[in-house]
Amino acid sequence: MVPTVPGTGGCSAAASLNLDPIPRHLLYLLVFLGLLRRRTARNLLTKQVREEDPLGHVMTSPASHTVPVPNGKHDEDPPRLTESPTQVMESDDEDGEPKPEEPAQGSEEEEETDDEESGGEQSDGDYEEDEEEDEPSLKYERITGSIPDLFKKDSASALAISNSLMALGTHAGIIHILDLTGKRIKSYKPHMASVIDISLDATADFVATASMDGQVVVHSLSSPETYSFDMKRPMRTVAMEPNFAKKGTRAFVCGGMSGALVLREKGWLGHKETTIHSGEGPIYQVRWRGRLIAWANDNGVKIYDHASQTRISYIDRPTDSPRADLFKCTLHWQDDSTLLIGWADMIKVARIRARPRTNPSTGASNLPPFLVEVTAVFKLDCMVAGVVPHPTPLNPASLATDGLPESLKQDGGKRSSTLTLTSFLIVAYTPPEAFDDTDEMTDDRARQARKAAERPEMRIISRAGEELAADALSIADYQNWGCNDYTVVEATSLDDPHVPEAARSYVVMSPRDLVRVMPRDRRDHVDWLVERRRYEEALAEVEKIEAEESLSGVKPATGVDEKGRVHLTAQDIGQKYVEHLVHEGDFVKAAKLCPKVCGHDAKRWEDWIFAFAQRRELQAIIPYVPTENPRLDHVVYEMVLAHFLTHDRQTLLTTIREWPREIYDIAAVIVAVRAELDKATTISSTISSNGGSSILMECLAELYTANRQPGKALPFYLRLRRPNVFDLIRENNLFTDVQDQVLLLVEFDHELMEKAKKEGKVEEPESEAIRLLVDNIHSIPITRVVQQLQQRPYYLFLYLDALVHKDSQLVSGFADLQVKMYAEFATPRLIDFLRASSSYNLEMAYQVCQERDLVLEMVFLLGRMGNNKKALMLIIERLGDVHRAIDFAKEQSDDDLWEDLLKYSETRPAFIKVLLENVGVEISPIRLIRRIKNGLEIPGLKEALIKILQDFHLQISLLEGCQTILNGDSSDLSRKLQHNQSAGFFLSSGTPCTVCSKSLQDTPQTLTLLFLCRHVVHATCVSGGEYLPLPADPILRTLEGGSSRGISGSIAFCSSSTTMPPFLLDDEHRVSHRDNRPRILLHWCILARCVPVAVAAGDETATGAGAAAAAAGLALGEGGGKVGLAWPNGDANTLKNFKTAKVSAIYTWSPWKPAGSDALGLEFAPMLWGPKQINDFTRLVKPGYARTVLGFNEPDHNGQANLDPGYAASLWKQYIQPLKNQGYSLISPAVTSAPAGKTWMRNFFNACSGCTFDAVAVHWYGTKADEFIAYVTDYHNTFGRDIWVTEFACQNFAGGAQCNAGQVVEFMNTVTGWMDNTSWVKKYFAFGVMHDMVGVNTLNQLMAPNGQPTEPRLELPHLKDVRPGTTHSYADLHIHTDTPRHNVMTAF
């Protein structure tokens, strides 16, 4: 067999142990050459090693690389075993060790050939490329804490770790107990010389130490238990039994320069000493695991079974090995059956197996119970300063499966029961160059001087002998240390099932340093990728990590941890990646990453967008710009829109439609687009042929609409021919904005009509534009429309014709123009217009008809102009229509015209016959018959004469019947007049004289005249009245002196001293006096029954809140069910006090219905007062709740509902209009009586297209009844609907004097009487049924403080026992009693 040469690369497997030994000096020569060559290669690989870091920061590990080396080879023959020979197998099938392969033949030669061809070395660039491909497997961290202080005057000599505690021995004989961060927990000095070996039990409570001073000390850290043994010779090693703290034997083994391996166990009489082995030189190291003890001496490694107290076997040391004292032996139990042996330049793996059972008769019963097999032998190109097992390193990127953490896998993240195939982690020590052993005697001082040592390395060697990683260690003063000065200890055991592989670590000790070695994790892999600018891989990896952390509930690591390690997040890496892509010019890919990188960070978004804009690559990032969460500064969005405006206008339009309008300054964008449109084309009445201009106009229309300026958007929609124009106008109340766009609007509508006609959708489509213009003449004046449509006569005709259909009076100012339009476009309808209108110029109209030869129209016009003869001639000569001639003559009622017609007919028998058949009262038949010439043959003359006679008799009969009817009607009207004139009526002391307007009772002795026509005047105000005396018998004096004094009509006299005659007023009804202040009741006697005529209050003026009721009572009493209560008093039980047969309705300024209103028979009308009542209104107003709904209360007043007409219309459509389908009658909103109220109502009606109003509600406050009547009448005429007067009172809000009691009475008496007799006034509600009049004149108040109606006290004897609050009938008048404080009367 050909042995492999150590210099061929990394590690090489040793040849079989049976090979002839290589001379020692030749071996060292070969090793030296191989190391020299290896150093050159590593230097070319530009390994960077940072020198000692005094601050203890994480040290930079050199770039990892894998050097392909010949695979290590197992011994083919079994090793020489001194006492217990065992079989050595090339492979172990049971524990799964791989079978090493034979090294490739000629590999060394091929390598040398390649080196020669390439010039023996490679360029730096090539090595940098190789370095890019490899990733370190380990990371390093210098342990600081108390270590620097401890090593100032001392140095480390031994190290042991257990249960996360380190026991550090020094050359001064001191033991320091530290944690893994270097924090000192305890120190003590058990020795006077260097501590060579330390053993810690599993609990880290007991520390056993061996020293050069010959002492072995076992010390407890938690108790005073301590054992010290003087072995008389320097001790090199010690090992405590497993579970030392739990066993009472307190056993340990130790050895040293004496060559004896001693077992000490505690017994009853003290420690018992047992020598296990001796006589083969110093014991260099001993390790105890389970029942097995392994130790090393000059001859090799031996294994002892403590349970059976037998030595199992030994593994010899090659005779040509380096000196054992210079290159120490390292023993490490990987598990209970695997022992790792590192000695000098060789690693061996020994496996202990149970001996197969044999037949006792064979004599094998005395054999040890175990067999030892050396399963692998590796010969290295370096010295092994320490060896520990290490999991085979994997690519950090492959540590997760399917992107899930271990705990989320199907097996629950449990470790597989199968042991992971391990590698070896060694501290590689390269001896310094030395002179040849064959030439030890030399006088060369330079050669004799000690050479500086090489930097130690951490290497990972696979079981196949391949060097997986090699990192140079940054050790302080490494050039001064030898192989025995280093050691490596596991901080966590490989076979501990509770420690994940990524958390395993090791500690490398040198005299001046402790370095913690850890496997690199996935975060380290990310950092490594970032360092090499492999950002895409790094980003993908860190996203997986963060996703796994999120799934497992682990808070993502960010920022700097307690160790100063910076954790890069996906955003951090993405930021670097985007910067890299932008630098490389890959803007599309960089933009795609921005959402991931910027996330919800508005500032970061803005910075990157501006960065793209500066590089003129804005279009790359625009698709990813967020509009919400986060929302960026408006300048960013405006910059994007400006980019689209310049480069992509179609996308600009799409973006304007899709983006929220509040994220950018719409006004600024409008200015920019408008400027661009002005450059591109001049806005005209037609769409520009330039498609870009059309898009810009669409953009402007969308922007104006979004900016709530639909009026400015309207012209663009019209030019763009958008079908939604009419909806836009109605929804936004743009009638005033369309005033100057009438022609465009009508043209566009005509195009839509033509299109619909061609498509066959409708036969004659209605012009929506014309209907819109006609329905909104208040906002779009007729004059402006006519001016704009002059150039398109047909459109003008359609408009004027629609106005005629709505109201012919609307076109009175354009009648001449209308004549032309009808003559040109609707000739058959011209005659109807001519007949209906009187506003056109007759001569102009005749000229138009004459130009078009319109005979019928000319006849009509001639007749209207008075030229009947010419008109008749046209009928006769041009039309030849005798019937029309007769009709024309009848219409004109002109005898001369009949004469002309008779003359013309004298010679025409056909005319004579028709005249005989059709003449009536207009002319006498005798007159026609006399004109018939003798001998003129007239067909049908007999029948015509007979018909004339029959018609004459019928006419006589009709006249007689009409006379009879007239006589009967006259008689009825006469009786009715007499009855009305004899009826009574009420007066008060404040009633004014009809002539002088002064109070009727200005002085106590004033004589008053009461006419049957119900005029009441002072006697002094009429002709001769001043001479009338105060008669004792006023009625007789009135009757006697009425005519003689020249006073016309029937009158009655009354004064404060007047008493009624016995024959008119009996004792029971005589007027009584109270407090000497007369109450006068005047009567007319009709059929011996007293009927009240008037009431005067003597010298006392009616005071308090009852004046309104005094006047309103009678009128309201005759209301015929029109009277209603405006009730703000809640559920007060006083409501019943105001219910009479005349009161039929109630409302409360809200949707709330007063309790008891239904039981009293009052029809409730809920009101939606304003937006604040929407919730209650929608909750209460359901089908069957009421029959009528009232609209908003004074929406034109800022102290009331205060609504814009458009907004009010939208509320009406949403909440009130749907009630129409539920059977409700809908009453309009009620505005104030100020002039602005009517304007608001007009605008509301225009905005509320499609709305239903069954009546219009009216409020009025003033002092003059005639103004009230005119106001209500104007509302009826303007809006063409019935009226509900929901508030009215005699109140002056314009400043000045308020109504006095008499004026309140007169006002209420007049307006209520008028409303009762006006059919289109359906309901009225006086403002006053309340305790608080809220600023309104209290004389209008209808409710007393006690909740009773304010009433007069008619002090009649037969009512003296009437209790307040009761109603009695007296002579057809309902009199409601009240408290004595008020001299008022009502008829509720």
Side-chain angles (χ1 to χ4, degrees), residues 50-60 139-213 217-224 226 385-386 388 427 456 458 473-478 480-481 484-492 503-518 560-565:
R50 191 165 64 189
E51 295 299 331
E52 178 181 5
D53 185 357
L55 298 178
H57 292 171
V58 177
M59 297 181 292
T60 303
K139 58 183 176 180
Y140 304 87
E141 182 181 41
R142 191 185 309 278
I143 298 176
T144 55
S146 303
I147 300 299
D149 295 333
L150 297 178
F151 288 167
K152 285 181 179 180
K153 296 181 180 181
D154 203 352
S155 58
S157 59
L159 178 67
I161 301 176
S162 176
N163 200 19
S164 300
L165 287 180
M166 297 189 296
L168 178 67
T170 69
H171 286 287
I174 301 173
I175 299 298
H176 300 289
I177 307 301
L178 312 128
D179 63 14
L180 292 177
T181 65
K183 179 182 178 181
R184 183 167 62 176
I185 299 173
K186 183 177 182 180
S187 296
Y188 64 96
K189 186 175 183 180
H191 301 285
M192 302 303 295
S194 300
V195 178
I196 304 302
D197 196 12
I198 302 175
S199 176
L200 269 172
D201 76 325
T203 63
D205 186 20
F206 287 90
V207 183
T209 56
S211 173
M212 289 297 292
D213 62 3
V217 178
V218 179
H219 180 79
S220 173
L221 300 178
S222 62
S223 68
T226 301
V388 290
V427 178
M458 290 299 297
L473 292 173
S474 177
I475 299 296
D477 301 330
Y478 66 89
N480 298 327
W481 314 132
N484 292 349
D485 293 324
Y486 297 103
T487 187
V488 60
V489 183
E490 279 186 307
T492 52
R504 298 188 182 280
S505 63
Y506 314 91
V507 177
V508 175
M509 185 203 76
S510 74
R512 295 290 186 183
D513 273 317
L514 291 180
V515 177
R516 191 170 183 184
V517 183
M518 294 165 285
V560 181
D561 61 14
E562 65 277 1
K563 297 180 180 179
R565 178 181 177 185

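FYI, the numbering just counts along the sequence from 1. Values below: every heavy atom of this structure, side chains too, minus hydrogens, waters and symmetry copies.
- The CE atom of M212 sits 13.0 Å away from the CG atom of D197 when rounded to the nearest 0.5 Å.
- When every heavy atom of S211 is checked against every heavy atom of A193, the shortest pair comes out as OG-O, 3.2 Å.
- Once rounded to the nearest 0.5 Å, the distance linking CZ of F151 with CG of D513 reads 7.5 Å.
- Atoms OG and CG, from S157 and D485 in turn, are 9.5 Å apart once rounded to the nearest 0.5 Å.
- D149 pairs by the salt bridge (charged side-chain N to carboxylate O under 4.0 Å, His left out) definition with K152, not counting sequence neighbours.
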Hey, can you pull the donor-acceptor pairs under 3.5 Å for the side chains in residues 176-183, sequence neighbours left out?
residue: H176; atom: ND1; partner: S187; partner atom: OG; Å: 2.7
residue: D179; atom: OD1; partner: T181; partner atom: N; Å: 3.0
residue: D179; atom: OD1; partner: T181; partner atom: OG1; Å: 2.7
residue: D179; atom: OD1; partner: G182; partner atom: N; Å: 3.1
residue: D179; atom: OD1; partner: K183; partner atom: N; Å: 2.8
residue: D179; atom: OD2; partner: T181; partner atom: OG1; Å: 3.3

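- Put simply, OG on S505 and NZ on K139 are 10.0 Å apart, with the number rounded to the nearest 0.5 Å.
- Taking both residues in full, the closest heavy atoms of D205 and S222 are given as OD1-OG, 2.7 Å, listed atom of the first, atom of the second, then distance.
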Listing, residues 159-166 side-chain donor-acceptor contacts under 3.5 Å, not counting sequence neighbours, or none:
residue: S162; atom: OG; partner: D201; partner atom: O; Å: 2.8
residue: S162; atom: OG; partner: A202; partner atom: O; Å: 3.3

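- By the side-chain hydrogen bond (donor to acceptor under 3.5 Å, both in side chains) test, S155 pairs with no residue at all, sequence neighbours left out.
- Side-chain atoms of M458 and Y140, non-hydrogen and from C-beta on, do get closer than 4.5 Å to each other.
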Side chain to side chain contact (heavy atoms under 4.5 Å, CB included) between R516 and M518, worked out = CA-CA 7 Å; R516 191 170 183 184; M518 294 165 285; 4.2 Å; yes
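- With sequence neighbours left out, T209 forms a side-chain contact (heavy atoms from CB on, under 4.5 Å) with I175, P190, H191, V195, I198, V207, V217.
- Taking 4.5 Å as the limit, every side-chain heavy atom of Y478 sits out of range of all side-chain heavy atoms of S510.
- With rounding to the nearest 0.5 angstrom, the OH atom of Y486 is 6.0 Å from the CD1 atom of I475.
- At distances below 3.5 Å, not a single donor-acceptor pair connects side-chain atoms of R512 with backbone N or O atoms of P148.
- Summarising the geometry of W481 relative to A476, their closest heavy-atom pair is NE1-O, 2.9 Å, with the distance given to 0.1 Å.
- To the nearest 0.5 angstrom, R184 atom CZ is 9.5 Å from I147 atom CD1.
- Contact check for T170 versus L150: no side-chain heavy atoms found under the 4.5 Å cut-off.
- Taking all atoms of both residues into account, the shortest heavy-atom contact from P456 to V427 is CB-CG1, 4.4 Å.
- Listed by chain and residue number, nothing satisfies the ring-ring contact (aromatic ring centres under 6.0 Å, His included) test with H171 (two or more places apart in sequence, or in another chain).
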